[in-house]
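One structure is given below, encoded as structure tokens.
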There are 2 protein chains.
Amino acid sequence: MDTTFTAQDYLVKYGIKPSVQRIAIMEYLMKHRTHPAADEIYEILLECIPTLSKTTVYNTLKLFAEQGALQVLGIDERNIRYDIDTSRHAHFICLGCGKVYDLAVEGLDRLILKEEFFMTEMHLYYKGYCKCCQSKENQKTENRETN
Amino acid sequence: MDTTFTAQDYLVKYGIKPSVQRIAIMEYLMKHRTHPAADEIYEILLECIPTLSKTTVYNTLKLFAEQGALQVLGIDERNIRYDIDTSRHAHFICLGCGKVYDLAVEGLDRLILKEEFFMTEMHLYYKGYCKCCQSKENQKTENRETN
DNA sequence: TTCACTGCAAATCATTTGCAAGGCC
DNA sequence: GGCCTTGCAAATGATTTGCAGTGAA
């Protein structure tokens, strides 16, 4: 659908002046819908842009968020996670591997606050274990039981 | 309903050995349903227990959470907030004053995950401005417009 | 005596800030 | 030239950890 929609287009759309660093970070976010933290982005991009500074990654992500180009997730207590999908959807974090999954939850719009508070954001966060880590946990338990 | 239900009872109920510090922290949580952060608890209790250490507050809150005596809130990016009400309900944080409000949201139980993931926790967080801070914001805007 | 609880000091770690250098219009 | 962007180094601030002293059973 958006084969010709580049990272640079995306930046311009949100009123962000493109630069090598900004394009690289946006490209990473567009390619990896894994809700990466700043450090992950930094570590990977360092291979292509050896002069990249972590400060720039932090500043850039903050800028993107302020401009509405991405949504900030508070689901992970350790790191701020970022989601390029700014539509209303839920998130699941696996307490085993730390992966954050997107979740389409029906009826989310029904939960919008209308009275008493002026709502600017709404987040539905789930925590637990993904399929992969569940089986690992089971293995551990089994091992414990047989020991 | 629970006029005779003391902080100490509460601790014992959750298998936590009482101590002066633990009782004081639990009492604070029971009296102030404001979802305080560790530092707030520390600052206030210091008046009664001058030897209290912040480490003890952190350790105690962590212990309480592990024992299921309170729920950990990730709604505030700056501080961990704690809620003695462990029943399923939503939270609203005011971006103006930082207060965290409890919210009864109908249909929350319908959002429980049953497939694909093993869910251990579920949080519905709202952000925005409370009545009080809305009016302050409006005043500011009015001032701006008349200047 | 033992063991859990406490509290100080230091460490950790993500994020922010100050500031100087470089680059672009 | 002036402003915006970048990046280093240092600061910040919440939380954790190491460890030694204390107190209770």
Side-chain angles (χ1 to χ4, degrees), chain A residues 7-8 11-12 14-28 35-67 69-82 93 95 98 100, chain B residues 7-8 11-12 14-28 35-67 69-82 93 95 98 100:
Chain A
Q8 182 159 351
L11 293 180
V12 172
Y14 284 99
I16 299 159
K17 203 192 286 183
S19 75
V20 173
Q21 291 85 345
R22 290 175 179 179
I23 291 172
I25 292 171
M26 182 54 80
E27 268 176 355
Y28 189 86
H35 317 85
D39 194 64
E40 180 189 327
I41 301 174
Y42 170 71
E43 291 295 343
I44 303 290
L45 292 187
L46 206 54
E47 292 165 20
C48 318
I49 311 172
T51 61
L52 183 66
S53 133
K54 205 177 271 191
T55 304
T56 300
V57 177
Y58 277 106
N59 290 341
T60 303
L61 290 170
K62 191 184 243 189
L63 176 70
F64 288 0
E66 283 165 1
Q67 296 299 111
L70 48 83
Q71 125 172 237
V72 177
L73 302 186
I75 195 172
D76 182 358
E77 284 144 46
R78 300 190 128 68
N79 310 290
I80 301 177
R81 303 292 202 104
Y82 298 91
I93 188 168
L95 302 174
V100 172
Chain B
Q8 184 160 349
L11 293 180
V12 173
Y14 284 99
I16 299 160
K17 202 191 289 181
S19 76
V20 173
Q21 291 85 345
R22 291 175 178 179
I23 291 172
I25 292 170
M26 183 52 81
E27 268 176 356
Y28 189 85
H35 315 87
D39 194 64
E40 180 190 328
I41 300 174
Y42 170 71
E43 291 295 343
I44 302 290
L45 292 188
L46 206 54
E47 293 166 19
C48 317
I49 311 173
T51 60
L52 183 66
S53 131
K54 206 177 270 192
T55 303
T56 300
V57 177
Y58 276 107
N59 290 341
T60 303
L61 290 170
K62 191 183 243 187
L63 175 71
F64 287 1
E66 283 164 1
Q67 295 298 112
L70 46 83
Q71 121 170 242
V72 177
L73 301 186
I75 195 171
D76 182 358
E77 285 145 44
R78 299 189 129 67
N79 311 290
I80 301 177
R81 303 294 201 103
Y82 298 90
I93 188 168
L95 302 173
V100 172

List, with names and distances, any nitrogen or oxygen atoms from the protein found under 3.5 Å away from nitrogen or oxygen atoms belonging to nucleotides 23-25 of chain D.
none

[X] [atom1] - [N] [atom2] separation (whole Å):
X	N	atom1	atom2	value
Leu63(A)	dT5(D)	CG	P	7 Å
Leu45(B)	dT6(C)	CG	C1'	15 Å
Leu52(B)	dC5(C)	CG	P	16 Å
Gln21(B)	dC8(C)	CD	C1'	14 Å
Gln67(B)	dC5(C)	CD	P	10 Å
Ile75(B)	dA14(D)	CD1	C1'	18 Å
Ile23(B)	dT6(C)	CD1	C1'	15 Å
Ile41(B)	dT15(D)	CD1	C1'	14 Å

**Report entry** Spacing of Ile49(B) atom CD1 and Tyr42(B) atom OH [to the nearest 0.5 Å]
**Finding:** 11.0 Å

Query - CD1-CD distance between Ile41(A) and Glu43(A), expressed to the nearest 0.5 angstrom - result: 11.5 Å

Between [X] and [Y], which heavy-atom pair has the shortest distance, and what is it?
X	Y	answer
Gln67(A)	Tyr14(A)	NE2-O, 3.1 Å
Ala7(B)	Ile23(B)	CB-O, 3.9 Å
Val57(B)	Ile25(B)	CA-CD1, 3.9 Å
Ile93(A)	Gly98(A)	CG1-O, 3.9 Å
Ile16(B)	Ala69(B)	CD1-CB, 4.2 Å

Query raised in the report: Base, sugar-phosphate, or nothing for Thr56(B), non-hydrogen atoms under 4.0 angstrom?
Result: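 Contact class for Thr56(B): base.
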
Query raised in the report: Is the side chain of Thr60(A) donor-acceptor paired with the backbone N or O of Thr56(A) at a distance under 3.5 Å, no angle test?
Result: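 Such a contact is found between Thr60(A) side chain and Thr56(A) backbone.
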
**Report entry** Main-chain N/O of Arg81(B) paired to Asn79(B) side chain as donor or acceptor, under 3.5 Å
**Finding:** no

Under 3.5 Å, N/O pairs linking protein and nucleotides 13-17 of chain C:
residue : atom : partner  : partner atom : Å
dT15(C) : OP1  : Ile80(A) : N            : 2.6
dT15(C) : OP2  : Tyr58(A) : OH           : 2.6

**Report entry** Nearest to side-chain heavy atoms of Lys17(A), which nucleotide of dC4(D), dG7(C), dG7(D)
**Finding:** dC4(D)

Query raised in the report: Would you say Thr51(B) reaches dT6(C)'s phosphate, i.e. side-chain N/O to OP1/OP2 under 4.0 Å?
Result: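 Answer no for this pair, as no side-chain N or O of Thr51(B) is under 4.0 Å from OP1 or OP2.
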
